[in-house]
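Just below is one structure, and these are the notes that go with it.
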Protein chains: 2
Amino acid sequence: MAASPASAVLEDKGPCSAGHDGSDMIRDVLSRVGDKWSLLIVGSLQDGPQRFTVLQRNIAGISHRMLTHTLRNLERDGLVSRTSYPEIPPRVEYEATELGRTLFEPVLGLVSWAADHHDDILASREAYDDRD
Amino acid sequence: MAASPASAVLEDKGPCSAGHDGSDMIRDVLSRVGDKWSLLIVGSLQDGPQRFTVLQRNIAGISHRMLTHTLRNLERDGLVSRTSYPEIPPRVEYEATELGRTLFEPVLGLVSWAADHHDDILASREAYDDRD
DNA sequence: CAGAATCCGAAGAGATACTG
DNA sequence: CAGTATCTCTTCGGATTCTG
């Protein structure tokens with residue numbers, strides 16, 4: 001049991017827990033963090049509150065719809081807070097919550113891994129594709 | 001410039017780099033790691049080499065097709081190695097590569113974050129859904 | 001300016017059946 | 001036992017249009 005505590009979090013805990021073990025939780029988090037835009041948005045908000053159009057310019061490539069949609073999800077999960085000012089024209093500012101900021105720490109570990117090893121991955125892909 | 005080096009990796013580097021900045025790399029890694037099964041497979045392989053059917057039993061919920069498909073991608077990216085023994089019946093063993101094992105370290109940071117905060121996320125979701 | 005709503009194509013993912 | 005192929009369903013994500 002003490003042999004591999006590291007991977008234990010991801011493993012099935014037995015036939016009786018089929019459907020909702022510890023892996024559901026991490027998958028839940030990853031499906032939020034791992035989608036196409038969430039991480040970019042939270043990353044951009046690390047610099048401080050930003051309004052809708054600024055975010056859209058900042059992220060470069062995101063569509064209007066996806067920015068709205070992803071911000072909704074992030075707000076729902078408590079990673080981003082939304083403040084709307086009842087003016088004309090309307091102004092809305094988004095900000096990373098405390099939770100959103102703590103999330104960024106472990107994510108940075110992954111980011112630096114990606115920076116370190118994505119060359120290896122690309123090389124491995126090419127080598128793989130050359131076979132056959 | 002030195003104000004927020006943390007988020008800089010994820011940010012757009014300017015209008016001229018539209019399409020392929022540093023965020024492409026992390027997104028590439030995340031789309032591999034963040035899919036439904038890759039992480040579970042790599043996690044299960046932390047315990048040592050396993051053959052196809054063992055993996056399928058170990059992961060519980062994965063379909064035959066998805067296990068094959070995900071293993072292919074992991075092998076292509078150099079995270080998992082495949083060894084086939086030309087016997088009857090055939091035997092194939094999968095093993096995490098060195099790269100696959102280094103990946104698991106930063107991922108564990110995310111896993112523990114998920115363990116720590118997924119209650120907050122669930123609570124935030126309920127609170128959000130109660131409004132309206 | 002911010003966002004909701006709709007339509008549509010592409011990719012993800014399961015079920016099943018077939019081969020060596 | 002391991003892997004491929006096909007079929008189908010759902011989800012993701014972009015484009016567009018419309019409102020306060």
Side-chain angles (χ1 to χ4, degrees), chain A residues 18-19 23-24 27-41 44-45 49-77 80-95 125 128 131-132, chain B residues 18-19 23-24 27-41 44-45 49-77 80-95 128-129 131-132:
Chain A
S23 63
D24 272 8
R27 212 185 292 166
D28 191 27
V29 172
L30 273 176
S31 63
R32 169 69 52 248
V33 161
D35 72 6
K36 203 172 178 180
W37 303 111
S38 296
L39 205 56
L40 285 307
I41 293 177
S44 181
L45 288 177
Q50 290 168 37
R51 44 193 302 187
F52 192 87
T53 36
V54 173
L55 276 173
Q56 192 168 21
R57 294 206 60 195
N58 232 319
I59 292 185
I62 194 169
S63 68
H64 197 140
R65 182 192 178 283
M66 276 297 108
L67 183 54
T68 307
H69 186 69
T70 310
L71 281 170
R72 279 290 161 283
N73 284 329
L74 291 172
E75 186 194 358
R76 191 171 100 101
D77 285 4
V80 161
S81 67
R82 193 186 99 112
T83 314
S84 129
Y85 301 90
E87 309 168 351
I88 304 286
R91 182 165 61 98
V92 179
E93 283 198 337
Y94 292 92
E95 185 177 9
R125 277 181 200 169
Y128 186 91
R131 299 168 201 142
D132 282 5
Chain B
S23 64
D24 272 7
R27 212 185 291 166
D28 190 28
V29 172
L30 272 176
S31 64
R32 168 69 53 247
V33 161
D35 73 6
K36 203 172 179 182
W37 303 112
S38 295
L39 206 57
L40 285 307
I41 293 177
S44 181
L45 288 176
Q50 289 168 37
R51 44 195 299 187
F52 193 88
T53 35
V54 174
L55 276 172
Q56 191 168 20
R57 293 206 61 195
N58 232 318
I59 291 185
I62 194 169
S63 68
H64 195 141
R65 182 193 179 283
M66 276 296 109
L67 182 53
T68 306
H69 186 71
T70 311
L71 281 171
R72 279 290 161 286
N73 284 328
L74 291 172
E75 186 194 358
R76 191 169 100 102
D77 286 4
V80 160
S81 68
R82 192 187 100 111
T83 313
S84 128
Y85 300 89
E87 307 168 352
I88 305 287
R91 182 165 61 99
V92 178
E93 284 198 336
Y94 292 92
E95 184 177 9
Y128 185 90
D129 292 343
R131 300 169 199 141
D132 283 4

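In what follows, chains carry the letters A, B, and so on, assigned in the order in which the sequence lines appear, proteins first and then strands, with residues in each chain numbered from 1. Computed from a prediction, not measured in an experiment: that's the story for all the values here. Below, all heavy atoms of this structure are taken into account, side chains as well, without hydrogens, waters or symmetry copies.
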| field | d(CZ, A:Arg32; P, D:dT11) in whole Å | value | 14 Å
| query | Of all the choices, D:dA2, D:dG13, C:dG14, which nucleotide is nearest to the side chain of B:Val92 once you look at every atom? | reply | D:dA2
| task | Could you check how far CG of A:Leu30 sits from C1' of C:dG12, rounded to whole Å? | result | 16 Å
| field | Student check: side-chain heavy atoms of A:Arg27 and B:Leu40 closer than 4.5 Å | value | yes
| request: Using whole Å, report how far CD1 of B:Ile62 lies from P of C:dA13. | output: 10 Å
| For the pair made of CG in A:Leu71 and C1' in C:dC1, what is the distance, rounded to whole Å? | 14 Å
| Would a 4.5 Å heavy-atom cut-off, applied to side chains only, mark B:Arg51 and B:Tyr85 as touching? | no
| said: Need one value for B:His69: base, sugar-phosphate or nothing, where a base atom within 4.0 Å counts as base even if backbone is also close, heavy atoms only. | reply: nothing
| task | Tell me what B:Tyr94 touches on the nucleic acid: a base, only sugar-phosphate, or nothing, going by heavy atoms under 4.0 Å. | result | sugar-phosphate
| said: Does C:dA5 have OP1 or OP2 under 4.0 Å away from a side-chain N or O of A:Arg65? | reply: no
| message | Of the options C:dA13, D:dG13, D:dT4, whose atoms approach the side-chain atoms of B:Arg72 most closely? | response | D:dT4
| note | Rounded to whole Å, the CG-C1' distance (A:Asp35 to C:dA11) equals 14 Å
| field | Closest to side chain of B:Ser63, choosing from D:dT4, C:dG14, C:dA2 | value | C:dG14
| Backbone N/O of A:Asp28 and side chain of A:Ser31: donor-acceptor pair under 3.5 Å | yes
| field | Rounded distance (Å) that lies between atom C1' of D:dT19 and atom NE2 of A:His64 | value | 12 Å
| Taking CD from B:Glu75 and P from D:dT4, how many angstroms apart are they, rounded to a whole number? | 10 Å
| field | Given D:dT4, D:dC1, C:dC1, the nucleotide with the shortest approach to the side chain of A:Pro90 | value | C:dC1
| task | Find the distance between CD (B:Gln50) and CD1 (B:Ile59) and round it off to the nearest 0.5 Å. | result | 8.0 Å
| If you check the B:Thr68 side chain, which of D:dG3, C:dA13, D:dG13 turns out closest? | D:dG3
| How many Å lie between CE on B:Met66 and P on D:dA2, as a whole number? | 18 Å
| Would you say A:Lys36 reaches C:dA11's phosphate, i.e. side-chain N/O to OP1/OP2 under 4.0 Å? | no
| message | Can you see if the side chain of B:Thr53 gets near the phosphate of D:dA2 - specifically, an N or O under 4.0 Å from OP1 or OP2? | response | yes
| task | Mind checking the CD-CG spacing from B:Gln56 to B:Leu67? Nearest 0.5 Å is all I need. | result | 6.0 Å
